Amino acid sequence: MDLGLKGKIALVAAASKGLGRAVAEELAAEGVSLVICARGEAELRATAAAIEAASGVPVLAVPADLAAPGAPAAVVAAALARFGRVDVLVTNAGGPPAGGFDALSPEMWDAATRLLLTSVVELTRAVLPGMKAQGWGRILNITSISVKQPVDNLMLSNSLRAAVTGMARTLATEVAPFGITVNNILPGYTRTARVETLAQAIATRDGIAPAEAQARWENEIPMRRLGEPREFGALAAFLCSARASYITATSIPVDGGWIKGLL
Ligand code: NAD
């Protein structure tokens, strides 16, 4: 299937590794020029070079801490300076700390809000004028299965991704007349550094080995295995594509069947 993405410009946030990188790789394979950002400059530049070498598309690496005031807008400004427009925005960021209500200080709530909610708002704010002017755009937010079924001990993720989902649903209605779609893609347990950190947190809390924490998840997943980042990237590329032109305001899981709900 030709996704109709060749020659488009995409900004994929938090893409030096993990899910963001997998999305960037899939888009690059479709001929999409990229802007990627992350905090760690060396890893980000290495990722940009690897994607360029594999796909032949230009990849601009913009080191940025998305939780810092003004940083999301600066990343978009760098994208516009290099490519002149952003057709596709994929919002993403590192996961917040695990923990229940009593474990979280006001500072932790503030930091997680800046990282998971404010960064999405500010990236979106910066790309929308251009998308509206050209009458075409794709906004895809990487959220979590936690918006359909909260995950125990992930208070920050469960709360703030729900806020992103509410914002995205409302925005989808507002920008649909401009040819802009807004969707969310919900990773289940997928093999990245993030799940290793979560497995370690559970292992420490419960006095078990990290491998046992992973085995518990696998037992909850009908497919009995973690997802691979590439399996996530495939749906992301489709939702960003010309072929997905009538799909908006959705939240679609890639979770091996983990969510128990009907819809
Ligand atoms: P990861 O740790 O593998 O990668 C995170 C990426 O975000 C890296 O490129 C990192 O450099 C970047 N990043 C982190 N903090 C940043 C910041 N302040 N500013 C800019 N960049 C930053 O994580 P992942 O597994 O790819 O997860 C991506 C998102 O998906 C996270 O929000 C995570 O909570 C969520 N998620 C992941 C899973 C999973 O199983 N992997 C499941 C549900 C939700």
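Note that these values count all heavy atoms, side chains included, but never hydrogens, waters or copies made by symmetry. As the structure lists them, so they are numbered: ligands from 1, and atoms in each ligand from 1. The structure presented is a predicted model; accordingly, all values stated were derived computationally and were not measured.
For atom 18 (N) of ligand 1, the closest heavy atom belonging to the protein is D65 OD1, 2.8 Å. For atom 19 (N) of ligand 1, the nearest protein heavy atom (residue, atom name, distance) is L66 N, 2.9 Å. The single protein non-hydrogen atom nearest to atom 28 (C) of ligand 1 is N92 OD1, 3.3 Å, given as residue, atom name and distance. Given atom 13 (N) of ligand 1, the protein heavy atom at minimum distance is G94 N, 3.8 Å. Atom 36 (N) of ligand 1 has P187 CG, 3.7 Å as its closest protein atom, hydrogens excluded (heavy atom only). With hydrogens left out, the protein atom closest to atom 41 (N) of ligand 1 is T192 OG1, 3.1 Å, a heavy atom. Given atom 15 (N) of ligand 1, the protein heavy atom at minimum distance is R39 NH2, 3.4 Å. In terms of protein heavy atoms, atom 4 (O) of ligand 1 is closest to K17 CG, 3.7 Å.
Listed by atom number, the atoms of ligand 1 under 4.0 Å from A193 heavy atoms are 3 (O). Of all atoms in ligand 1, listed by their number and element, those nearer than 4.0 Å to a heavy atom of G95 are 31 (C), 32 (O), 33 (C), 34 (O). Using a 4.0 Å cut-off to heavy atoms of Y189, the atoms of ligand 1 that qualify are 40 (O). Listed by number with element, the atoms of ligand 1 under 4.0 Å from a non-hydrogen atom of L115 are 17 (C), 18 (N). Atoms of ligand 1 lying under 4.0 Å from any heavy atom of A64, numbered from 1 in the order shown and given with element: 19 (N), 20 (C).
Taking W136 as the reference, nothing meets the ring pair (Phe, Tyr, Trp, His ring centres under 6.0 Å) condition, with sequence neighbours excluded.
Using a 4.0 Å cut-off between a side-chain N of Lys or Arg and a carboxylate O of Asp or Glu, D206 and R216 qualify as a salt bridge. Between E231 and R225 there is a salt bridge, since a side-chain N of the basic residue sits under 4.0 Å from a carboxylate O of the acidic one. A salt bridge is defined here as a Lys NZ or Arg NE, NH1 or NH2 lying under 4.0 Å from an Asp or Glu carboxylate O, and R224 with E218 fails to meet this definition. Taking 4.0 Å as the cut-off between side-chain N and carboxylate O, E30 and K6 do not count as a salt-bridged pair.
If you check each of A13, S16, S146, G20 against atom 11 (O) of ligand 1, the one with the closest non-hydrogen atom is S16. For atom 38 (C) of ligand 1, the nearest non-hydrogen atom from the set S119, G18, G188 comes from G188. Counting only non-hydrogen atoms, the option in V195, L156, L19, I36 that gets closest to atom 27 (O) of ligand 1 is L19. Taking all heavy atoms of A93, S157, A98 into account, the minimum distance to atom 31 (C) of ligand 1 is reached by A93.
Every heavy atom of C37 sits 4.0 Å or more from the atoms of ligand 1. Distances from ligand 1 to the non-hydrogen atoms of T143 include at least one value under 4.0 Å. The closest approach between G40 and ligand 1 stays at or above 4.0 Å for every heavy atom of the residue.
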Query raised in the report: Can you list the steps and then say if W258 with V151 is a side chain to side chain contact (heavy atoms under 4.5 Å, CB included)?
Result: CA-CA 11 Å; W258 182 87; V151 180; 4.0 Å; yes
Query raised in the report: Does the pair I185 and L235 meet the rule for a side chain to side chain contact (heavy atoms under 4.5 Å, CB included), with working shown?
Result: CA-CA 8 Å; I185 180 168; L235 176 64; 3.7 Å; yes
**Report entry** side chain to side chain contact (heavy atoms under 4.5 Å, CB included) between L186 and V147, intermediate numbers included
**Finding:** CA-CA 8 Å; L186 286 45; V147 302; 3.4 Å; yes
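Among residue pairs with one or both ends in residues 204-250, those qualifying as ring-ring contact (aromatic ring centres under 6.0 Å, His included) are Y189-W217; sequence neighbours excluded.
A donor-acceptor pair is defined here as one N or O able to donate and one able to accept, closer than 3.5 Å; such a pair exists between the side chain of N158 and the backbone of L154. Of the possible polar contacts, none joining the R243 side chain to the G4 backbone as a donor-acceptor pair under 3.5 Å is found. N153 places a side-chain N or O within donor-acceptor distance of the main-chain N or O of G100, the cut-off being under 3.5 Å.
With a heavy-atom cut-off of 4.0 Å, R161 touches ligand 1 through its side chain alone. When non-hydrogen atoms are compared, ligand 1 lies under 4.0 Å from neither the backbone nor the side chain of L186.
Atoms CG and CG, from L66 and L116 in turn, are 10.5 Å apart once rounded to the nearest 0.5 Å.
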